[in-house]
2 protein chains.
Amino acid sequence: MPNSKQSPITMDAVYTAPGYLFRRMQQIAVSIFIEECRQFDLTPVQYAALIAIHTHPGIDATRLSAVIAFDRSTLGNVIERLQSKGLIERKPDSGDKRVKLLTLTKQGASLLREIMPLVDRAQARMLQPLKPSDRKMLLALLAQLVDLNNEASRVPLRAEDALEHLGKLG
Amino acid sequence: MPNSKQSPITMDAVYTAPGYLFRRMQQIAVSIFIEECRQFDLTPVQYAALIAIHTHPGIDATRLSAVIAFDRSTLGNVIERLQSKGLIERKPDSGDKRVKLLTLTKQGASLLREIMPLVDRAQARMLQPLKPSDRKMLLALLAQLVDLNNEASRVPLRAEDALEHLGKLG
DNA sequence: CGCTAATTGACAGCATACTGACAATATGGC
DNA sequence: GCCATATTGTCAGTATGCTGTCAATTAGCG
């Protein structure tokens with residue numbers, strides 16, 4: 001048979017591309033997050049940072065970046081905004097003069113408790129249109145793919161455990 | 001049994017959230033795209049715009065925004081960059097003085113032909129770590145979810161067919 | 001101890017994204 | 001034809017994201 005695949009260039013080159021679907025879904029996810037949490041004026045990135053600082057009190061910006069896999073340059077601005085909102089504090093490290101340690105303020109901890117149910121609702125809403133079994137399947141495949149592609153990203157995720165061992169492992 | 005579910009707040013609140021996984025995967029996808037296409041200095045958004053302009057010669061910015069589901073304000077800058085690179089042209093509409101019609105230049109069409117194989121390779125790389133059957137499953141579920149959540153996004157996708165009927169349908 | 005190399009936070013510059021606003025222009029109902 | 005309304009492109013402002021650079025500081029090695 002003749003090769004009928006002479007690439008006619010249709011919009012399918014965009015619509016069916018995984019990268020395009022990931023972008024669209026990310027935008028939808030942010031939109032739903034902001035809508036559910038609008039009474040608190042907190043972004044998804046800021047939320048992740050708050051969770052990480054709560055889980056690792058006294059963490060520094062560089063390790064925070066590794067724990068949530070966000071770019072270090074971007075995180076500088078995020079931290080500044082969280083600080084100006086009074087949600088976190090920055091204190092100089094007693095040993096290393098370069099480092100500034102991050103902790104939640106009472107306001108930050110309080111906001112975190114209040115907003116978590118709303119975030120949970122937002123996360124549920126994103127997958128709502130799918131059947132429960134499909135939600136589970138999609139989430140499992142996605143988590144797997146993100147993990148397997150970890151090193152392909154600009155800022156690979158280095159979870160807490162990995163971080164603690166980094167010194168020993170060199 | 002006692003309710004042991006007092007929400008201890010761990011990083012799982014971030015790592016297992018669909019929104020976080022969508023964000024990570026989007027970043028990974030962009031990273032792979034840029035790497036594969038680095039010889040052309042074209043972004044995923046610019047690529048999608050070029051495809052759409054090629055498919056709809058003489059489209060205006062507002063309809064372009066609907067066809068690829070990108071924000072109109074953002075698209076203004078994208079169009080300007082594509083124009084300054086010499087990949088597209090903007091000509092005033094003869095009827096409506098507000099409108100500027102978009103078409104590919106020869107350079108734009110040429111670049112599109114050359115870059116498409118690289119984009120295909122990038123798209124394949126994103127899903128590479130999964131088994132072929134899992135790739136198909138993930139893509140199908142993702143396409144379904146994006147479609148079902150279409151109205152939840154800031155800029156819902158209005159594909160070509162829908163667009164042509166918008167006038168008639170009011 | 002002293003020098004090189006690495007780390008840390010910060011910054012400049014570019015590219016998406018979204019919100020809200022605006023002037024110019026079109027459109028529809030009357 | 002007029003006027004309220006809608007549309008189009010644009011802009012300012014804010015918030016991620018990435019690249020590259022920088023000064024200050026620290027760590028490692030000879």
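Owing to the predicted nature of the structure, the values given are computational and were not obtained by experimental measurement. Here is the naming used below: chain letters follow the sequence lines, and residue numbers restart at 1 for every chain.
The distance between atom CD of B:E80 and atom C1' of C:dT16, rounded to the nearest whole Å, is 14 Å. Rounding to whole angstrom units, CG of residue A:D93 and C1' of C:dG9 are separated by 13 Å. A:L75 has its CG atom 14 Å from the P atom of D:dA15, to the nearest Å. Taking atom CD on B:Q26 and atom P on C:dA15, their separation rounds to 17 Å, with Å as the unit. For B:N77 and C:dC18, the CG to P distance is 13 Å, given to the nearest whole Å. Atom NZ in B:K97 sits about 17 Å away from atom P in D:dT8, given to the nearest Å. Here C:dT16 presents its P atom at 18 Å from CZ of B:R72, a figure rounded to the nearest Å. One can place CG of A:D41 at 14 Å from C1' of D:dT16, the figure rounded to the nearest angstrom.
Positionally, the nearest nucleotide of DNA chain C for A:L101 lies more toward the 5' end than for the other of A:L101 and B:K85. Between B:D60 and B:I28, the residue whose closest nucleotide on DNA chain D is further toward the 5' end is B:D60. Take the nearest nucleotide of DNA chain D for B:D96 and for A:D96: the residue whose nucleotide is more 5' is B:D96. Residues A:T62 and A:V30 both approach DNA chain C. Their nearest nucleotides, taken by heavy-atom distance, put A:T62 toward the 5′ side.
Contact annotation: A:K100 side-chain N/O to C:dA10 OP1/OP2 distance is under 4.0 Å. For the OP1/OP2 pair of C:dT16 and a distance below 4.0 Å, the side-chain nitrogens and oxygens of B:T43 include at least one atom meeting the criterion. Proximity of A:Q46 to the phosphate of D:dT16: a side-chain N or O atom is located under 4.0 Å from OP1 or OP2. Considering only side-chain N and O atoms, B:R81 lies under 4.0 angstrom from the phosphate OP1 or OP2 of C:dA15.
If you check distances only, the side chain of A:R98 never reaches the base of D:dT26 with a donor-acceptor pair under 3.5 Å.
Put simply, the side chain of A:L157 reaches to within 4.5 Å of the side chain of B:Y15, judged on heavy atoms. Contact annotation: the side chain of A:V119 never approaches that of A:E36 to less than 4.5 Å [non-hydrogen atoms, C-beta and beyond]. B:S153 places none of its side-chain heavy atoms less than 4.5 Å from the side chain of A:Q27.
Contacts of B:D71 with the nucleic acid, taken as non-hydrogen atoms under 4.0 Å apart, include base atoms. Using a 4.0 Å heavy-atom distance criterion, B:S73 is classed as a base contact.
In terms of modelled atom types and a separation under 3.5 Å, the side chain of B:R135 and the main chain of B:L130 share a donor-acceptor contact. Judged purely by atom type and a 3.5 angstrom limit, A:Y20 uses its side chain to pair as donor or acceptor with the backbone of B:I68.
Considering only side-chain atoms of B:V78, the nucleotide from D:dT16, D:dT26, C:dT16 that sits closest is C:dT16.
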